[in-house]
Structures are given as C-alpha cells and as structure tokens.
Amino acid sequence: MSLTEPLSLKIEKSTASRINQIDFKNLVFGTVFTDHMFECDFKNGAWQNPTIRPYGPLSIYPSAKVFHYGQAVFEGMKAYKDDKGGVFLFRPLENLKRINKSSKRLAIPEFPEELFFEAMHQLLALDKEWVQPGEGNSLYIRPFVIATENCVSASPSTEYKFMIILSPVNAYYSGKLKVLIAEKYSRAADGGVGYAKAAGNYAAQFYPTNLAKEKGFQQVIWTDANTHESLEEAGTMNVFFRINDTLVTAPTSDRILDGVTRKSLVAIAERIGIPVEVRRVTVSEIVNAAKKGELKEIFGSGTAAVISPVNAFSHQDTLYDLPEISDSYAVRFKKEMLDIQYNRVEDPYGWRYRVV
Ligand SMILES: Cc1ncc(COP(=O)(O)O)c(C=O)c1O
C-alpha cells in the first residue's frame, strides 16, 4: 500500500530524558521503555496524524473493539549498535510485510511502507542513546495495531491505532530448554490464524504452557491439531532439528509463523554448506532419531534470543536427553547472525539496514 499524499510526521520531544535512571546492565525483558513512541490513527478510511511523542499512557474508551474481540496484531524486531555508534535493523521490510499480512487476516487496514520507515528512522534517531553497544544489548522494537472504534458490535473496527514502542534489552539467556511436545492442546489449525502475529494466538498458548511449566518444561513444541504428529513451532520460536548432520525444519503454512530468523538460518545454512531440508518433520522420526543417537540438536529460532538450544524433550511421558556436542550448529548460526546484526562482518545477504 502506498500513500496518496505524503503525511508529515509531527514530533513532540520529551522535556527530560529518563535514560539516567535506567540500570542497563540489569534489564528485565520488556519492562523498560524509551523516552518516545510513535502513533498513527486510522479514521475515515485513511491513516492520519502520524506523531512521535513522549512514551506514556493512552486514553481509550472501554468500548474500543480491541478489548472485546482481540482485533490486534504486533511485531517484534531489534535495533543493534556497532562499535562506532551506528544503529542497524535486521531485515525490517520482512517485519512490515508480516504485520500487514497479519493485519489482512484480522481485517485491519495495512500500514504504508513509507510511513513505517519514516517512523522507524525518526524514532530511533531520537532514542538512539537507548541502544546500548555490546553483544547481547539491543533495543527491542514492538510495532502493533489495535482496534479503537467505540462500539461493541462484533464486526471489524472502523478505527485503529498503529504504534511503535521501544524497550532496551540485555542478552537473552534462556538457559538450556526442556520442552514438551504437544499431545492434547493446539496452537493453530488449518485455515486459522497461526501464521499471523495476532495477539490472541499468544493468549491461547499461556494456559497449556503453564501446565507444561508445572511439569518442569519451559516451552511447548506445538504439533498439528489433527494428528499431533507434525512438529510445527514453539511459543515465540520456529524449531530446527539436526539429525546426524542434516538440519530439518517444518515448512511455513497457515499454521506457522514465517520467522525472519528461521528463513535467515536456512539461507545461511545453504551458503555455508550445511545440509538443510525444509519439510514435514514428524514426532516419530524425531523420537526414533533420539533413540538411535542420531538426533544431535534441537533449537528454537527467533528475534528475542536468536537461537535457543534445547537439551531434552518429552513425548508420551518419556524424556529424551540430547547429547552435549562440540561442533554445535546452534553456536555457529548464532555467531553468523550476531556478526551481521552488530555490523562486525560484511553482509553478503543485504540484511543489515542502517537507521542512524
Ligand atoms: C509464534 C512465533 N514463531 C516464531 C517466531 C520467530 O520469528 P522471528 O524469527 O521473526 O522473530 C515468533 C517471534 O516473532 C513467534 O511469535
């Protein structure tokens, strides 16, 4: 979607920065926000009044449709700082395309590309000091859209708010994960919204994930709703399996989020010569490989942690431990990704995007 007329972005700067009050070494993920935020309203059939203003509360009526029907989508991306103070995004166009794909599925109007990039540039230029240098430090970027029409009829809202908020984060160490393969609950179904970053997809995972946590697992690996035999993805991660030296991951579909990290890892694997297969992965195949000692690694991929290694999984009340290995693909991939994201190497893929 493009703009018919250029919209001028209004900027209202905060009078006093809160940055000196922040302990950047001890951040709890997603709890601290920068000085500014971006907002833009959809009214009378058009996006209007794009504004950057100090981070703060919104005033929204209780009848706003987002509260009743969950008409809301979001994105997750990061900004990284190099040693010279440059600020970079990683494949930001993919996130814009994905939020618009999510919006379409939720009957929300798409957001214009030019405005998205203009907002990103201006906002990150204003809050660039909040992007701390050093591996693991980054600024988590949360664009989202909510339905704001004051009306409780169960139909698409005629008004929306698109926002971007920014949260400084430290390296995300999930530790080694113990995961449970889903046998009863499902995250997504054919024809549903699994491929969208729809707010409700995440709310619906909380209860079954809590049940798994009570049993000592940190994450659930979701399977297809019909047979619980195809391995799909985890809470906020796509999943890779290494059988002997071959990496396998499920193809994206209308049930699986098309992860930016996932597709970047597939491209890196192809470039550096790691055999990779994008195909249906079954539970029995993985259980058999584990029993034969051929299952070398499982890891999740996503913006938050880049790679989260799994060290054990459970299926039908049996726990399968994965071996410690010295030539881990997870370690190799993480380095390849971080080197590109922090501007430490040439970027042969054209993924790095300079904002400041
Ligand atoms: C359900 C789900 N799967 C996978 C991912 C990983 O996607 P990405 O690599 O774009 O962060 C995410 C995170 O955005 C997610 O929410």
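Both counts, for ligands and for their atoms, begin at 1 and track the order of listing.
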Inset, instruction - Output yes when the distance from some N or O of ligand 1 to some N or O of T261 is under 3.5 Å, and no in every other case. - result: yes
Inset, instruction - Could you list the atoms of ligand 1 found under 4.0 angstrom from a heavy atom of G235? - result: 1 (C), 2 (C)
Inset, instruction - Compute the minimum heavy-atom distance from G76 to ligand 1 and say whether it is under 4.0 Å. - result: no
Inset, instruction - Within a distance under 4.0 Å of any heavy atom of G259, pick out the atoms of ligand 1 and give their elements. - result: 7 (O), 8 (P), 9 (O), 10 (O)
Legend entry - ligand 1 contact on A304 by region, counting heavy-atom pairs under 4.0 Å: neither
Inset, instruction - Flag V260 as yes when one of its N or O atoms lies below 3.5 Å from any N or O atom of ligand 1, and as no otherwise. - result: yes
Inset, instruction - Looking only at protein heavy atoms, identify the closest one to atom 12 (C) of ligand 1 and say how far it is in Å. - result: T236 O, 3.2 Å
Inset, instruction - Considering only NZ, NE, NH1 and NH2 on the basic side and carboxylate oxygens on the acidic side, decide whether K97 and E113 come within less than 4.0 Å. - result: no
Legend entry - Closest candidate by heavy atom, reference atom 3 (N) of ligand 1, pool E233, R91, R187: E233
Inset, instruction - Give yes or no for whether the N/O distance cutoff of 3.5 Å, strictly under, is met between T303 and ligand 1. - result: yes
Inset, instruction - Establish, from distance only, whether the side-chain atoms of E12 and T51 form a donor-acceptor pair under 3.5 Å. - result: no
Legend entry - Geometric N/O contact S301 with ligand 1, under 3.5 angstrom: no
Legend entry - Same cluster (ILVMFWY, side-chain, under 4.5 Å), I181 and Y320: yes
Inset, instruction - Select one of side chain, backbone, both or neither to describe which atoms of L257 lie under 4.0 Å from any atom of ligand 1, heavy atoms only. - result: side chain
Legend entry - ILVMFWY network linking F38 to V356, side-chain heavy atoms under 4.5 angstrom: yes
Legend entry - Region of K197 engaging ligand 1 - heavy atom pairs below 4.0 Å: side chain
Legend entry - Any side-chain donor near an acceptor of the partner, K215 and S314, under 3.5 Å: no
Legend entry - Presence of salt bridge, D190 and R255, under 4.0 angstrom: yes
Inset, instruction - Apply the salt bridge (Lys or Arg N to Asp or Glu O under 4.0 Å) test between D339 and each candidate in K334, R332, R344; give the one that qualifies. - result: R344
Inset, instruction - Could you tell me whether the side chain of E233 and the main chain of W222 form a donor-acceptor pair under 3.5 Å? - result: no
Legend entry - contact_flag R98 ligand 1 heavy-atom lt 4.0 Å: yes
Inset, instruction - Taking only heavy atoms of Y202 into account, list the atoms of ligand 1 that are under 4.0 Å away from them. - result: 1 (C), 2 (C), 15 (C), 16 (O)
Legend entry - Donor + acceptor pair across side chains of D321, N311 (<3.5 Å): no
